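Accompanying notes for the structure given below.
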Number of protein chains: 2
Amino acid sequence: MRTMSGLFIAREFFGLARQASTNADLMQALACVSISMGFDYFALTHHVDFAAAGHAAVRLHNYPDDWVAWFDARRLGVSDPVHRASQATSIGFTWQRVPELIRLTPVDRHVLDCARERGIGDGFTVPAHVPGEATGSCSFAVATGRCVPFDNLPLAQLTGAFAFEAARRINGTRSLDAQAPTLTERQRDCVLWMARGKTDWEIARILGLSQETVTQHLKQARERYDVPKRSVLAVRALFDGLISFSDIFRR
Amino acid sequence: MRTMSGLFIAREFFGLARQASTNADLMQALACVSISMGFDYFALTHHVDFAAAGHAAVRLHNYPDDWVAWFDARRLGVSDPVHRASQATSIGFTWQRVPELIRLTPVDRHVLDCARERGIGDGFTVPAHVPGEATGSCSFAVATGRCVPFDNLPLAQLTGAFAFEAARRINGTRSLDAQAPTLTERQRDCVLWMARGKTDWEIARILGLSQETVTQHLKQARERYDVPKRSVLAVRALFDGLISFSDIFRR
DNA sequence: CGCCCTATCCCCATTTCTGGGGATAGGGCG
DNA sequence: CGCCCTATCCCCAGAAATGGGGATAGGGCG
């Protein structure tokens with residue numbers, strides 16, 4: 001009775017993932033659930049160049065070694081077509097749908113062919129994007145020549161999403177900084193418009209102040225954060241939630 | 001037998017959402033599935049200022065009229081605490097968890113209190129973020145005094161994610177060629193150090209280039225994003241996941 | 001009352017960023 | 001081969017940001 005076993009699989013994985021306190025714990029849980037769902041491989045990864053990236057980037061997988069070597073030699077972490085496709089949707093997709101999401105180049109087709117030659121056939125990828133963090137995904141794949149277990153794709157969607165969040169937790173998601181500086185309302189106004197790309201003169205017009213006053217507010221905000229430049233001030237205020245991406249981009 | 005009815009609800013909703021060709025179709029499907037899951041209200045929305053935003057922004061909901069009027073009068077689409085919290089996680093969260101995700105200001109607490117007074121109690125929000133597009137979410141809420149149906153949260157996670165993607169499809173997903181800008185490796189290096197607060201001279205020393213080359217790379221990055229200032233360039237690159245908070249703050 | 005904070009405005013000099021122009025070299029692709 | 005992209009370097013002038021100084025006014029608190 002597949003219906004019943006699907007939810008049993010989910011509950012078991014959620015329990016393991018919730019208890020996981022290391023990447024190894026999570027890897028083991030993912031290896032088991034992949035098999036249970038009818039997949040052969042999994043890969044939970046940030047879409048970065050692992051040769052250049054440091055410690056904070058996550059990559060947990062059980063892909064064949066020769067595929068991984070080939071992938072890394074070409075530094076495909078950023079440009080892999082499946083990774084690129086995952087930036088065009090908010091829910092999971094089978095790899096057969098990739099050409100509907102992005103325009104495939106000849107190089108992309110070659111990458112997919114080489115994966116097939118090295119044992120990775122079709123798959124299902126669950127995107128995970130949190131603003132301010134590297135984009136990522138959790139993929140489940142079948143060996144070359146096998147079929148994706150279509151009935152279990154909703155379960156794979158849930159599992160992939162939950163696994164990525166567990167990885168964020170284990171590897172240290174940003175924590176709320178109780179000691180972060182606060183800004184006055186006026187300082188925050190000026191920081192928000194600066195982050196929108198306005199000059200002091202423009203902000204002065206918008207808020208009905210003199211240009212020097214705007215300069216002063218931004219200087220005082222920088223001093224509270226002890227940063228030398230406005231670019232890092234904007235980043236810090238974003239990180240602390242004093243301003244939000246939506247607020248910045250609003251028209 | 002709740003286990004059985006949960007997956008029955010999911011399959012029914014997926015069928016309706018897949019067939020939906022208008023926002024009204026999707027709204028009807030969401031209204032039904034919300035009740036079936038044990039919620040009283042739903043709201044699928046882009047996090048924009050609806051007074052100013054245009055045609056591409058989606059908002060489908062069945063909230064009480066006086067709450068909506070209050071919400072819009074204060075233009076909370078971009079600064080609502082639940083919306084802001086959804087930018088700090090990749091999976092859904094109950095509103096009780098919002099203080100773990102963002103720092104609540106006195107204004108935020110007032111917003112949550114007023115929602116409660118107008119009939120909206122607790123809820124569960126599923127974030128949806130596609131790089132290069134406005135952030136959004138699909139929320140399910142219970143009336144003041146009622147409990148969130150915890151057993152159905154995995155189902156709400158699936159439903160919310162699927163509904164948001166259906167809304168994207170109905171309202172015209174972007175074309176294959178419309179992708180967030182990309183930066184060359186060198187441009188990204190310079191953007192990252194700029195976002196860390198370094199001057200061109202400093203970046204030049206760090207990367208072993210001339211100061212003019214650094215200026216050029218940053219100019220070209222601004223041109224790719226079509227933004228006039230470095231502050232907003234840093235914000236955009238963060239939003240799209242090209243650089244991350246951990247990249248910037250890492251030593 | 002004095003002190004501190006916030007908001008507002010002004011001045012100066014220097015550094016940094018922005019727009020605009022020029023150039024070379026190497027690699028990939030049609 | 002020509003074209004485009006990437007990386008690198010240079011020049012100029014003007015706008016914008018940064019550091020540093022000055023000031024007033026109003027409100028809250030000990």
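These numbers come from the heavy atoms of this one structure, side chains and all, not from hydrogens, waters or symmetry mates. Just so it is clear, the structure is predicted and the values come from calculations on it, not from any experiment.
- One atom, CG of Leu218(B), and another, C1' of dC17(C), lie 10 Å apart when rounded to the nearest Å.
- The residue Arg188(A) sits apart from the nucleic acid: no heavy atom pair falls under 4.0 Å.
- When each of dA7(D), dT18(D), dA7(C) is scored by its nearest atom to the side-chain atoms of Thr184(B), the top-ranked nucleotide is dA7(D).
- Using a 3.5 Å distance cut-off with no hydrogens or angles, the side chains of Thr135(A) and Gln87(A) do pair a donor with an acceptor.
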Q: Quick one, give me the B/S/- string for nucleotides 21-30 of chain C, reading 5' to 3', where B means a protein heavy atom under 4.0 Å from the base and S means that only happens at the primed atoms, P, OP1 or OP2.
A: BB--------

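- With DNA chain D read from its 5' end, the first of the two nearest nucleotides for Lys229(B) and Gly208(B) is the one closest to Gly208(B).
- Distance CD (Glu212(A)) to C1' (dA17(D)): 13 Å, rounded to an integer number of Å.
- With ring centers used as reference points, Phe249(B) lies under 6.0 Å from Phe239(A).
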Q. Run the salt bridge (charged side-chain N to carboxylate O under 4.0 Å, His left out) check on Arg205(B) and Asp200(B) step by step: do they pass?
A. CA-CA 9 Å; Arg205(B) 287 294 148 294; Asp200(B) 293 2; over 6 Å; no

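- Note on ring orientation: taking the six-membered ring where Trp is involved, the planes of Phe245(A) and Phe245(B) are tilted (angle from 30° to 60°).
- Residues Phe71(B) and His61(B) keep their aromatic ring centres 6.0 Å or farther apart.
- Residue Ser210(A) is in sugar-phosphate contact alone, with no base atom involved, counting any heavy-atom pair closer than 4.0 Å across all strands shown.
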Q: State the dot-bracket string of DNA chain C. Criteria: Watson-Crick or G-U wobble, both atom distances under 3.5 angstrom; notation: ( ) intrastrand, [ ] crossing earlier pairs, | interstrand, . unpaired.
A: ||||||||||||||||||||||||||||||

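- Spacing between atom CG of Asp200(B) and atom C1' of dT8(D) amounts to 15 Å, rounded to whole angstrom units.
- Lys198(B) places its NZ atom 19 Å from the P atom of dT15(C), with the value rounded to the nearest Å.
- Note on ring orientation: taking the six-membered ring where Trp is involved, the planes of His47(A) and His83(A) are parallel (angle under 30°, cut-offs 30° and 60°).
- Within 4.0 Å (heavy atoms only), Lys219(B) reaches at least one base atom of the nucleic acid.
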